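The model shown is predicted, which means the values in this text are computed figures rather than measured ones. Numbered from 1 within each chain, the chains take letters A, B, ... in sequence-line order.
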Protein chains: 2
Amino acid sequence: MQKTSNVDRIIEKAREMAITFELKPGARINESALSKDLGASRTPLREALNRLVAEGYLTFQTGKGFFCRALDPKRIMDLYETRVAIEVEAVRLACLRATDGELAVFRAYLNQTEPAYSQGAEVSELVLADEDFHLYIARLSQNDELLRLLENLNGRIRYVRSIGLKTMQSAPPPQAPELSLTAHRRILDALVARDADAATATMRAHIERRWEEATEAVRIAYSQIYVPEDLSREVL
Amino acid sequence: MQKTSNVDRIIEKAREMAITFELKPGARINESALSKDLGASRTPLREALNRLVAEGYLTFQTGKGFFCRALDPKRIMDLYETRVAIEVEAVRLACLRATDGELAVFRAYLNQTEPAYSQGAEVSELVLADEDFHLYIARLSQNDELLRLLENLNGRIRYVRSIGLKTMQSAPPPQAPELSLTAHRRILDALVARDADAATATMRAHIERRWEEATEAVRIAYSQIYVPEDLSREVL
DNA sequence: GAATTTAGAACTGTATACAGTTACGAATAC
DNA sequence: GTATTCGTAACTGTATACAGTTCTAAATTC
């Protein structure tokens, strides 16, 4: 059993704050203040921040300190393109390596999660369920590095999705979950048929479909984050 | 101008030590001893080590400390497969986005580096020249994330290559550089022709060719690292 | 002689203090 | 009124000390 240390707790919390914009994009991070908030000293906090830099959540300048990464549409596009790179190769490898037995278990898993999609579940749960599907395939590829990278990308993209979905809840384009589910089924069918070309093509199209949703979500995020900021500046 | 801090220096040095096996794979890292060697205290050293963990060079266990990553053939294979994933997508995007002018400059660059390949240059230089070619394409893809990941992968694969080439120097299979150069030319031609399928296929084959060289290199590395260790143990 | 327990050494985890750097604003010169 | 300089405050960079944990090996028991 892996005993979780203080640093792990801090990383989790700081990552959370970066994701939810509790730390504003581009803003400098005040180490003393944040360490006090988190109930630890600066030493473990800096260790956590260093790790988040390497994970791509923060940036760092010598003598200046740590900064939240600016949130721009270009970056989101880059992340989605990287997801395509990773996942297309993952599904190709899974096609070569997954046993029929593993694919049968995978199908059972997919059938079991289906009810969650159809009944109007929490959107955040839908996002996580979707992530799980994709991670499952990465696991079937038997490549630890691809899996690790996909987990990292998921973490960095998740907030955009959740923001996008948050607004979608009020004005929902409601068939999206079913579409997603259909794509997932088609990918699985291609895997079972050992049709690598179909599997990769479907995967690529499936991810790229979320593209515009994502850039749209970034725009919404900007308005949510910066407008209140500007308003408060008006007051001062 | 970015002033380089002490931590940057330490990271560079520690990464170097991990790459060259000055720190043995799987071995625990003694922070006090290493910090003394590097002429710094444990605080900046631990910051550096944490970053190297996130970059994939080291592992970490709470309460136990930092460890060099074990060097096994499976991991090398994973890294090469990840390279394929990244680079195939990069060359595809470059095919869409690079202007004719950029490709002309690229061709000039390739022609200019050619002499270095034909004249028997240092193998380590050849490795770096090859890396540069691939990074160039990643840059043409205009995707910062793919570029970042490729740089990371290069760093982690480099030591295997250099070991493989070191032994190749004594018993050289001499046409390898020319083959590599040919593949590079074919990739460029495909880019100019905007033939994404040819570009990606050539890129994939080019990287996969290095595959067995790499696993062979790992075997050699094992013999070089562990045999002397065992011998010295005999003496004690 | 083998297994188990226990004491101590070594090492990691964290807090704190201080040195060095950067940023900000007031004061002065033009 | 604007620009420049200087001083101070805030923050980052690093060392060190100490607390808590893990590992090692010796001693004891069976």
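Map A/Ala40 and A/Gly63 each onto its nearest nucleotide of DNA chain C; the residue landing nearer the 5' end is A/Ala40. Remark on DNA chain D: of its neighbouring residues A/Gly65 and A/Thr43, the 5'-side contact belongs to A/Gly65, judged by nearest-heavy-atom nucleotide.
What separates CG of B/Leu38 from P of D/dA15 is a distance of 11 Å, to the nearest Å. Look at CZ on A/Phe60: it is 16 Å from P on D/dC11, rounded to the nearest Å. A/Leu34 places its CG atom 19 Å from the P atom of D/dA10, with the value rounded to the nearest Å. Atom NZ in B/Lys36 sits roughly 20 Å away from atom P in D/dT14 (whole-Å rounding). Following rounding to the nearest Å, A/Leu49 (CG) and C/dT14 (P) show an atom-to-atom distance of 14 Å. Nucleotide D/dT21 holds its C1' atom 10 Å from the CZ atom of B/Arg28, rounded to whole Å. The nearest whole Å value for the distance from the CD atom in A/Gln61 to the P atom in C/dT21 is 17 Å. Rounded to an integer number of Å, the gap from CG of A/Asn30 to P of D/dA10 is 11 Å.
Scanning atom types as modelled, no donor and acceptor separated by under 3.5 angstrom connect the side chain of A/Ser32 and the base of D/dT12. Between the base of D/dT12 and the side chain of A/Thr62 there is no donor-acceptor pair shorter than 3.5 Å.
Side-chain proximity of B/Arg42 to the nucleotides D/dG13, D/dT14, C/dT14 is greatest for C/dT14.
When the side-chain nitrogen and oxygen atoms of A/Ser41 are compared with OP1 and OP2 of C/dA15, one or more of them lie within a distance under 4.0 Å. Checking the phosphate oxygens (OP1, OP2) of D/dC23, a side-chain nitrogen or oxygen of B/Lys64 falls inside 4.0 Å. Put simply, B/Arg46 has a side-chain N or O that comes within less than 4.0 Å of OP1 or OP2 on C/dG13.
With respect to the salt-bridge test (charged N to carboxylate O, under 4.0 angstrom), the residues A/Arg92 and A/Glu89 qualify. The residues A/Arg69 and B/Glu145 are annotated as not salt-bridged, no charged nitrogen and carboxylate oxygen being separated by less than 4.0 angstrom. Taking 4.0 Å as the cut-off between side-chain N and carboxylate O, A/Glu12 and A/Arg15 count as a salt-bridged pair.
A donor atom on one side chain and an acceptor atom on the other are found under 3.5 Å apart for B/Arg156 and B/Asn152.
Ring geometry for B/His206 against B/His184 counts as perpendicular: the plane angle is over 60°, on a 0 to 90° scale with 30° as the lower cut.
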